[in-house]
Amino acid sequence: MMLNCKDATRLISEGLDHRLSIWQRINLRLHVMMCKACNAYKRQIEGLQRVFVLLRQRGKGVVPDMSSDAHRLSPVKREQIKHLLESQTRVDPTDRL
Amino acid sequence: MEDRNAANLASRSTGSGGQTTGTRAMGDPSTWVDEHGDALFRYALLRIRERASAEDVVQETFLAAVKSKNEFQGNSEVRTWLIGILRHKIGDYFRKNGREVQVDSNPDDADPVIDSWFNKKGFWIKPPKTWDVNPAELAERQEFWLVLQGCMDALPGRAGEAFSLRVVDDIEAGEVCKVLGITTTNLWVLLHRARARLRACLEEKWFGRQTKESA
Ligand SMILES: [Zn+2]
């Protein structure tokens with residue numbers, strides 16, 4: 001049974017998330033060999049996945065200049081939360097139970 | 001009391017059984033903010049889309065967590081547990097502000113946007129252009145990051161959440177499923193939708209521009 005492009009794109013993504021069955025892999029390989037569009041799609045999707053891996057590696061789990069600080073807690077808020085947590089842990093509320 | 005319930009629900013939803021003597025340590029609460037603060041903030045921002053409120057919700061989350069840290073069951077990661085609490089806090093925030101809790105399309109339903117790219121037989125109507133990704137080069141480029149960020153912000157509800165947790169923050173698939181309350185198959189569907197839309201967005205906003213410029 002031949003895959004159509006819609007199924008192929010789904011399998012291309014799923015291939016990044018889990019190991020496809022042998023038949024899925026064979027069908028996908030055949031389709032991508034013959035279909036220029038899905039071939040391009042596959043390289044793009046896999047390339048993007050790789051971009052995220054690289055970004056993570058540089059940022060130790062936090063995508064790096066992902067920051068431009070727009071996507072991180074502000075330093076002020078960070079300190080504020082830390083203080084609050086500290087005051088909370090000093091008086092353990094479970095003692096009152 | 002309300003906090004306690006949120007944390008309780010969160011820990012319950014992350015699995016049954018398990019004693020406080022779980023396999024995973026929760027670490028010292030004083031390190032939580034540095035270790036998990038940005039990840040929680042990004043998640044909150046994704047849903048709330050407004051910086052100050054997202055920060056406040058993250059703060060409430062940490063406070064609720066520290067109050068109920070004895071309920072952490074150790075059968076999930078601390079971060080997953082915290083995100084579970086955060087999700088309840090976000091729900092509270094939406095209710096308080098009269099905003100609908102976002103209910104977006106079920107992963108089991110068809111996706112009209114993606115469907116529109118294909119004809120009845122499932123072949124491309126508007127095939128992808130041929131552009132190549134050079135990951136090493138792109139990862140270095142700040143302008144690319146900004147465009148990518150814009151595209152990620154445009155991802156719909158749960159697809160965006162799934163992608164952000166699994167791919168951006170690299171949280172294990174099983175943990176992401178627990179946090180979102182979905183099956184593994186659902187997760188694959190959501191990630192596919194996110195990737196497909198990101199690709200289309202980048203083709204329009206980045207690669208389309210690049211080829212035009214070089215032409
Ligand atoms: Zn195809």
Side-chain angles (χ1 to χ4, degrees), chain A residues 3-14 16-18 35-59 61-68 70-74 76-82 84-89 92-94 97, chain B residues 29-30 32-34 37-42 45 51 55-56 58-59 62-63 66-70 114-115 117-118 121-124 127-136 138-139 142 144-146 148-149 166-170 173 184 187-189 191-193 195-196 198-199 202-203 207:
Chain A
L3 289 179
N4 63 27
C5 297
K6 198 173 157 186
D7 296 330
T9 57
R10 188 176 51 80
L11 289 181
I12 286 165
S13 173
E14 275 193 31
L16 298 173
D17 300 319
H18 68 104
C35 176
K36 202 177 150 209
C38 288
N39 192 309
Y41 185 92
K42 183 167 188 281
R43 275 183 284 134
Q44 292 162 3
I45 292 288
E46 289 174 353
L48 284 178
Q49 183 82 356
R50 182 84 194 126
V51 169
F52 280 98
V53 172
L54 290 175
L55 286 171
R56 278 202 312 258
Q57 282 171 355
R58 289 203 328 195
V62 178
V63 179
D65 308 354
M66 165 187 240
S67 54
S68 59
H71 289 80
R72 313 183 65 171
L73 280 174
S74 62
V76 176
K77 195 66 179 180
R78 186 182 299 267
E79 286 314 306
Q80 193 186 347
I81 297 176
K82 280 186 189 171
L84 279 167
L85 284 186
E86 233 168 72
S87 64
Q88 284 293 328
T89 41
D92 188 353
T94 54
L97 282 181
Chain B
S30 63
W32 285 354
V33 183
D34 286 331
D38 289 333
L40 293 186
F41 175 65
R42 277 196 296 279
L45 194 60
R51 215 189 142 85
E55 286 192 330
D56 287 343
V58 169
Q59 174 174 319
F62 278 120
L63 285 176
V66 81
K67 278 184 194 150
S68 51
K69 63 181 195 296
N70 295 340
I114 292 181
D115 285 351
W117 299 341
F118 301 96
K121 291 188 168 166
F123 292 93
W124 288 104
K129 300 206 182 80
T130 36
W131 40 267
D132 269 320
V133 182
N134 180 342
L138 288 176
Q142 186 70 19
F144 176 73
W145 171 247
L146 293 175
L148 183 59
Q149 190 64 56
R166 179 71 194 98
V167 182
V168 180
D169 282 321
D170 198 25
T184 315
L187 177 66
W188 297 337
V189 172
L191 291 175
H192 162 53
R193 289 179 184 174
R195 291 180 182 121
L198 269 188
R199 194 213 68 85
L202 288 173
E203 180 162 290
F207 293 98

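Just so we're on the same page: letters track the sequence lines, and every chain starts at 1.
- In this structure, the portion of B:Leu148 lying under 4.5 Å from any heavy atom of chain A is its side chain and not its backbone.
- A:Gln88 and B:Lys67 are not linked by any side-chain donor-acceptor pair at a separation below 3.5 angstrom, with hydrogens and angles left out of the test.
- Of the two parts of B:Ala173, neither the backbone nor the side chain holds a non-hydrogen atom closer than 4.5 Å to a non-hydrogen atom of chain A.
- Counting heavy-atom pairs under 4.5 Å between each of A:Lys36, A:Lys82, A:Arg50 and chain B puts A:Lys82 at the top.
- By the ring-ring contact (aromatic ring centres under 6.0 Å, His included) test, B:Phe144 is found to be paired with B:Trp206, residues two or more places apart in sequence or in another chain being considered.
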Kindly indicate, with the supporting measurements, whether the criterion side chain to side chain contact (heavy atoms under 4.5 Å, CB included) is fulfilled by A:His18 and B:Trp188.
-> CA-CA 9 Å; A:His18 68 104; B:Trp188 297 337; 3.3 Å; yes

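- Note on B:Asp38 versus B:Arg42: no salt bridge recorded, every NZ/NE/NH1/NH2 to OD/OE distance being 4.0 Å or above.
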May I have the step-by-step check of salt bridge (charged side-chain N to carboxylate O under 4.0 Å, His left out) for B:Glu55 and B:Arg51, ending in yes or no?
-> CA-CA 6 Å; B:Glu55 286 192 330; B:Arg51 215 189 142 85; 3.4 Å; yes

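- Across A:Leu48, A:Asn39, A:Val53, the residue that shares the most heavy-atom pairs under 4.5 angstrom with chain B is A:Leu48.
- Contacts between B:Leu202 and chain A at a heavy-atom distance below 4.5 Å involve the side chain alone, from C-beta outward.
- Of the two parts of B:Asn134, neither the backbone nor the side chain holds a non-hydrogen atom closer than 4.5 Å to a non-hydrogen atom of chain A.
- Using a 4.5 Å cut-off between heavy atoms, B:Phe118 touches chain A through its side chain atoms alone.
- More than 12 heavy atoms of other residues, nucleotides or ligands sit less than 6.0 Å from atom NZ of A:Lys77.
- Taking chain B as the reference chain and counting heavy-atom pairs below 4.5 Å, the highest number among A:Arg43, A:Arg78, A:Glu46, A:Glu14 is found for A:Arg78.
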